[in-house]
Protein chains: 2
Amino acid sequence: MSETLKNVNPNVSVDCVVFGFDNEKLNILLIEQKMANKEKVQFALPGDLIVDDEGLDDAANRVLSEITGISGVFLRQFKAFGDPNRVSDIKDLDWLKNYRQNPQARVITVAYLSLVKMDDFQPEASSFAERVFWQELDSLPSLAFDHNQILSEALDRLRDDFVNHRTGFELLPEMFTLGQIQKLYEIILGKELDKRNFRKKILKEKLVSATNQKQTGVLHKPAILYTLNHENI
Amino acid sequence: MSETLKNVNPNVSVDCVVFGFDNEKLNILLIEQKMANKEKVQFALPGDLIVDDEGLDDAANRVLSEITGISGVFLRQFKAFGDPNRVSDIKDLDWLKNYRQNPQARVITVAYLSLVKMDDFQPEASSFAERVFWQELDSLPSLAFDHNQILSEALDRLRDDFVNHRTGFELLPEMFTLGQIQKLYEIILGKELDKRNFRKKILKEKLVSATNQKQTGVLHKPAILYTLNHENI
DNA sequence: CAAACTTAGTGTATTTTTTACACTTGGGGA
DNA sequence: TCCCCAAGTGTAAAAAATACACTAAGTTTG
């Protein structure tokens, strides 16, 4: 950052922490991008500068869509990150050049959070991303800038929402078993839950209804399939 | 906002929603400032642009202190507001002139939240504030920009924290009665609570201990005074 | 000094929620 | 036919939440 500038307007970006659920593990959407010297690559959350005429929520959706091809997901703002040195290797940010009045200024980012079914979204790299991919959360590489910290805070928030605000059902297929819901909760919360107590609770909330169909093609007793009661959510 | 500029770096400010508790009502710290035409005044939350070398949390504390004289409070970031037209009467922002490269650009703000004892903080206007004052929350004037909305979201968040994260005891004097805690909760949550049940709960949590002292100078049965168990918080 | 006023302080019964825990069932595969 | 596997089910105990009304101890007033 230049020593000679005073009160330069900062760059403002959005970063998207998109968790993906594949019925087995929690994944996170990452991009791989070339660094300025063209030798090294780095991993990062999908994110980019906002433009003049868009709101922050709009920016998050646009940026996610432009970089990863993923659109139509609900992105929830969860925190702004603004340490003056959070993007210290600013010279590596190719995309900042020839784009802004103050490319050398600090970068403040507004972080967004989402949780989606991985199957529904096949990321396709474009814009400055060399590659976009789902990465298992429990074998996470080191990320650019402060993105590991952003991710960590996003996960805390995701769990908090899950426990306190009964979210997450939208991750299930149209018809699902109670076992699938339980697994979803166990994966997000990172701990096992008692089967009988979990079922009791879910059914009491009346958020799901049994259909008269059963699982097929499984090598054990087929489970009853349930659907969401959209009106009760 | 100029039509000719593209991808101008935005202005970034912090705004502080400081709730004040006076044992009776919930108040909010407001400033009165002159508008550019020098005729009208407007009410607003204390807030200002960040400067280059400070983090967002630091900026919030600096700005609050500079404008209102209040320092040493815990300010918690709760949301960024970035609608492109949220500061539409940008020409009224005297303080933006001769200060930034892009004074005409949009203003994104990061909002902070705090709750303090009013008695501990006597606001003193300085900087561009004509006046700084505590305003009762239930007779709130119309505020500048989107500050009414910011305030409303801050209140939601404050209540949520109170219920889910057992905060707020720091607002009480060194020694306090159980009635005072209950009143604090009732004021924040905006509803009455059952005295016996409330006491049962507070005492079970072991967050307070009885002293051997009593209230004096009250015109009724004096209550036992309690102190905080800091180690259990 | 007695009466009135005001908030402090206290207990119980009921309902609801949470927790712990183990066996039988139905389908597919071998 | 037997085995494997997750589905599915109930109960008892403990903990938490709720509803509810009177007596106590000071101060003020007449």
Side-chain angles (χ1 to χ4, degrees), chain A residues 21-25 159-160 162-166 169 172-187 189-227 232, chain B residues 21-25 159-160 162-166 169 172-228 232:
Chain A
F21 177 64
D22 65 356
N23 299 307
E24 288 299 329
K25 293 198 161 195
R159 287 177 172 157
D160 193 70
F162 241 72
V163 172
N164 293 325
H165 304 292
R166 290 264 138 53
F169 289 83
L172 296 166
E174 178 134 18
M175 288 196 291
F176 49 86
T177 70
L178 295 182
Q180 285 177 290
I181 308 185
Q182 186 176 344
K183 190 155 192 181
L184 169 63
Y185 270 75
E186 288 178 337
I187 290 170
L189 300 181
K191 64 179 180 190
E192 298 202 341
L193 303 171
D194 179 88
K195 181 160 57 162
R196 281 179 288 195
N197 294 337
F198 184 80
R199 289 172 166 245
K200 226 180 304 178
K201 193 159 180 170
I202 291 293
L203 292 176
K204 183 149 40 131
E205 312 223 343
K206 304 245 168 95
L207 299 180
V208 299
S209 314
T211 65
N212 54 6
Q213 299 178 56
K214 289 182 179 180
Q215 260 182 327
T216 56
V218 288
L219 54 158
H220 55 76
K221 175 175 176 178
I224 292 174
L225 292 170
Y226 288 76
T227 55
N232 290 350
Chain B
F21 177 63
D22 66 355
N23 299 307
E24 289 299 329
K25 294 200 162 195
R159 286 178 173 158
D160 193 70
F162 241 73
V163 172
N164 293 326
H165 306 292
R166 287 264 141 51
F169 289 84
L172 296 165
E174 176 132 20
M175 287 197 291
F176 49 85
T177 70
L178 295 182
Q180 284 177 291
I181 308 186
Q182 185 175 345
K183 191 154 193 181
L184 169 62
Y185 270 75
E186 288 178 337
I187 290 170
I188 304 295
L189 299 180
K191 65 180 179 190
E192 298 204 339
L193 303 171
D194 179 88
K195 180 161 59 163
R196 279 178 288 194
N197 294 338
F198 184 82
R199 286 168 169 247
K200 228 180 298 178
K201 192 160 181 171
I202 291 291
L203 293 175
K204 183 151 37 139
E205 313 225 340
K206 303 244 168 98
L207 299 180
V208 299
S209 313
T211 66
N212 54 6
Q213 297 179 56
K214 290 182 179 180
Q215 262 182 325
T216 55
V218 287
L219 53 159
H220 55 76
K221 176 175 177 178
I224 292 173
L225 292 169
Y226 288 76
T227 54
L228 267 188
N232 292 348

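Residue numbers begin at 1 in each chain, while the letters A, B, ... track the order of the sequences.
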A:E24 atom CD is separated from D:dA6 atom C1', nearest whole Å, by 14 Å

Residue whose closest nucleotide on DNA chain C lies nearer the 5' end, A:D194 versus B:Y226: B:Y226

For the pair made of NZ in A:K183 and P in D:dA6, what is the distance, rounded to whole Å? 9 Å

Give a yes or no on whether a donor-acceptor pair under 3.5 Å exists between the nucleobase atoms of D:dA7, that is its base, and the side chain of A:K195. yes

Length of the NZ-C1' vector between A:K214 and C:dG26, whole Å: 7 Å

Between D:dA21 and B:R196, counting only base atoms on the nucleotide and side-chain atoms on the residue, is there a donor-acceptor pair under 3.5 Å? yes

Ignoring backbone atoms, test whether B:K201 places a side-chain nitrogen or oxygen under 4.0 Å from the OP1 or OP2 oxygen of D:dT18. no

State the NZ-CZ distance between A:K195 and A:F198, to the nearest 0.5 angstrom. 12.5 Å

Contact summary for A:Q182 and A:D194, nearest pair of heavy atoms: NE2-C, 4.0 Å

Nucleotide nearest B:K221 (side chain, heavy atoms from C-beta), chosen from D:dT27, D:dG8, D:dA24: D:dA24

Whole-Å gap separating C1' (D:dA7) and CG (A:L203): 13 Å

Distance, rounded to the nearest Å, where A:I202 contributes CD1 and D:dA7 contributes P: 14 Å

How long is the line joining CD of B:Q182 and P of C:dT7, in whole Å? 13 Å

Between B:R199 and A:P222, the residue closer to the 5' end of DNA chain C by nearest nucleotide is B:R199

With the side chain counted from C-beta on, respond yes when B:F176 and B:V208 share a heavy-atom pair under 4.5 Å apart, and no when they do not. yes

In whole angstrom, what separates B:I224's CD1 from D:dA24's P? 15 Å

Atom-pair distance (NZ on A:K204; P on C:dT15), nearest Å: 15 Å

Would you mind classifying the nucleic acid contact of A:L178 as base, sugar-phosphate or nothing, using non-hydrogen atoms under 4.0 angstrom? nothing

Is a donor-acceptor contact shorter than 3.5 angstrom present between the side chain of B:K200 and the base of C:dT10? no

Nearest-nucleotide pick for A:H220, side chain only, options being D:dA25, D:dT18, C:dG26: C:dG26

Quick one: CZ on B:R159 to CD1 on B:I188, what's the gap to the nearest 0.5 Å? 8.0 Å

Would you check, one step at a time, whether the test side-chain contact (heavy atoms from CB on, under 4.5 Å) holds for B:I224 with B:T177? CA-CA 6 Å; B:I224 292 173; B:T177 70; over 6 Å; no

